[in-house]
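The block underneath contains the structure these notes are about, expressed in structure tokens.
Counting from 1, the numbers follow the sequence of the chain as shown. One-based numbering, in listed order, for ligands and for the atoms of each.
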Amino acid sequence: MKKYTVICRPDPISEGLKEQTIKDLNANGYIQDDDDPDYIFVIGGDGTFIYAVHHVLRKLGGPRMDHVQFYGIHTGTLGFYTDYKDTDYEEFMDTFLNKKYTVITYPLLQARYENGSHNAINEIRIENAARTQVIDVYINGEKFETFRGTGMCVCTQLGSTAYNRSLGGAVFQEGLDCIELTEMSGIHHSKFRSLDAPLVLKGDTVLEFRSASFDGALLGCDADVYPLDGVKSVRIQVGKSTYVHMLRGRKVSYFDRLKSLF
Ligand code: NAP
Ligand code: MN
């Protein structure tokens with residue numbers, strides 16, 4: 001386990017830190033291998049971390065994800081995917097070289113539909129900017145409601161501070177095994193009514209979204225989008241096959257993270 005790759009946001013501070021990281025890792029016997037790494041160093045923001053997870057997933061495939069570990073440093077604020085800021089670089093590297101970290105494993109959200117399946121670490125959205133999207137929502141096989149509006153968002157604990165928060169969803173304390181369903185601009189009047197409030201659900205809940213037509217809608221999986229034309233049903237749940245292993249170093253209070261971001 002001595003091979004690594006670095007995924008970096010293209011800005012001067014992140015690129016400077018990348019050079020330093022490569023220098024220090026090489027000096028300690030690690031070998032840069034972008035095609036077959038054991039460790040993925042991520043330098044940038046939470047957005048860079050998400051990009052890195054999707055990039056590696058596409059490049060190496062789900063099963064191989066089980067054999068790589070992600071380690072991030074944030075060149076900005078304190079992120080939710082990273083425990084270090086650029087000013088903490090010495091500690092970041094020392095923690096890695098002396099294996100003072102713990103490995104934390106996070107499952108990915110998975111969307112399955114007629115055309116395939118996709119994963120996400122923050123959230124999966126069904127959104128239609130062109131016309132009112134009608135969606136029948138099923139929770140564990142039981143019809144819950146008919147939603148009308150722009151779309152719906154399902155997030156993980158990690159993603160609760162991202163898009164979900166902008167939609168008025170609750171932020172989950174770290175460690176909670178839950179997912180959350182939020183509406184995106186739901187239409188509510190005397191004829192049409194859906195819950196109109198964020199719904200927090202157990203981590204093993206299976207959600208199904210059915211519609212007579214998803215034409216014009218997009219399936220958003222973190223930063224990636226896929227057309228849903230012709231699709232009739234999308235199932236979303238926490239997957240049981242693809243996991244992200246992250247090296248977590250210094251203990252940062254979750255509330256410090258929240259305070260530093262907002
Ligand atoms: P991006 O620019 O990489 O990210 C958008 C912003 O969301 C950045 O400031 C990023 O932080 C922050 N962010 C990402 N994950 C977060 C998390 N788990 N908790 C708190 N903040 C987080 O945009 P992108 O690459 O298109 O999309 C990636 C993510 O951005 C999506 O998964 C979605 O959650 C979020 N997004 C939010 C909105 C919205 O709130 N209206 C719209 C589009 C996308 P950094 O600065 O640290 O990278
Ligand atoms: Mn970003």
| Joint cluster assignment, Leu199 & Leu109, ILVMFWY side-chain distance < 4.5 Å | yes

| request: Establish, yes or no, whether a centroid distance under 6.0 Å links the rings of Tyr30 and Phe96. | output: yes

| Judging by distance only, is a nitrogen or oxygen of Arg125 under 3.5 angstrom from one on ligand 1? | no

| Heteroatom proximity flag, Thr48 to ligand 1, N/O under 3.5 Å | no

| request: Answer with side chain, backbone, both or neither: which part of Tyr51 has a heavy atom less than 4.0 angstrom from an atom of ligand 1? | output: neither

| field | Under-4.0 Å heavy-atom contact with ligand 1, by part of Phe80 that carries it | value | side chain

| Any N or O of Gly47 closer than 3.5 Å to N or O of ligand 1 | yes

| task | Determine, for Tyr101 and Arg248, whether the Lys NZ or Arg CZ falls below 6.0 Å from the six-membered ring centre while staying within 45 degrees of the axis. | result | no

| query | With atoms numbered from 1 as shown, which atoms in ligand 1 lie under 4.0 angstrom from a non-hydrogen atom of Glu123? | reply | 31 (C), 32 (O), 33 (C), 34 (O)

| Does Arg257 use its side chain to pair, donor to acceptor, with the backbone of Gly79 at less than 3.5 Å? | yes

| request: Work out whether the distance between some heavy atom of Phe49 and some atom of ligand 1 is less than 4.0 Å. | output: no

| ligand 1 contact by His74, heavy-atom criterion under 4.0 angstrom | yes

| request: Spell out, as yes or no, whether a donor-acceptor pair under 3.5 Å connects the side chain of Asp222 to the backbone of Ala120. | output: no

| message | Geometry only, no angles: is Gly159 polar-contacting ligand 1 at N/O separations under 3.5 Å? | response | no

| Proximity winner for atom 18 (N) of ligand 1, if only heavy atoms of Thr156, Asp46, Leu158 are counted | Leu158

| request: Would you mind running through ligand 1 and noting each atom that sits below 4.0 Å from a heavy atom of Gly45? | output: 47 (O), 48 (O)

| request: Supply the atom-to-atom distance His118 NE2 to Cys221 SG, rounded to the nearest 0.5 angstrom. | output: 6.0 Å

| message | Can you name the atoms of ligand 1, numbered from 1 with element, that are less than 4.0 Å from a heavy atom of Thr161? | response | 17 (C), 18 (N), 19 (N), 20 (C), 21 (N)

| task | State whether Asp94 and Lys100 are salt-bridged, where the test is any N-O pair (Lys NZ or Arg NE/NH1/NH2 against Asp/Glu carboxylate O) under 4.0 Å. | result | yes

| said: Has Arg235 got a side-chain atom pairing as donor or acceptor with Gln110's backbone, closer than 3.5 angstrom? | reply: no

| query | Does any N or O atom in Arg9 lie less than 3.5 angstrom from one in ligand 1, N or O only? | reply | no

| field | Phe214 and Tyr113 aromatic centres sub-6.0 Å | value | no

| note | Quick note on ligand 1: atoms under 4.0 Å from a heavy atom of Ile50 include exactly 14 (C), 15 (N)

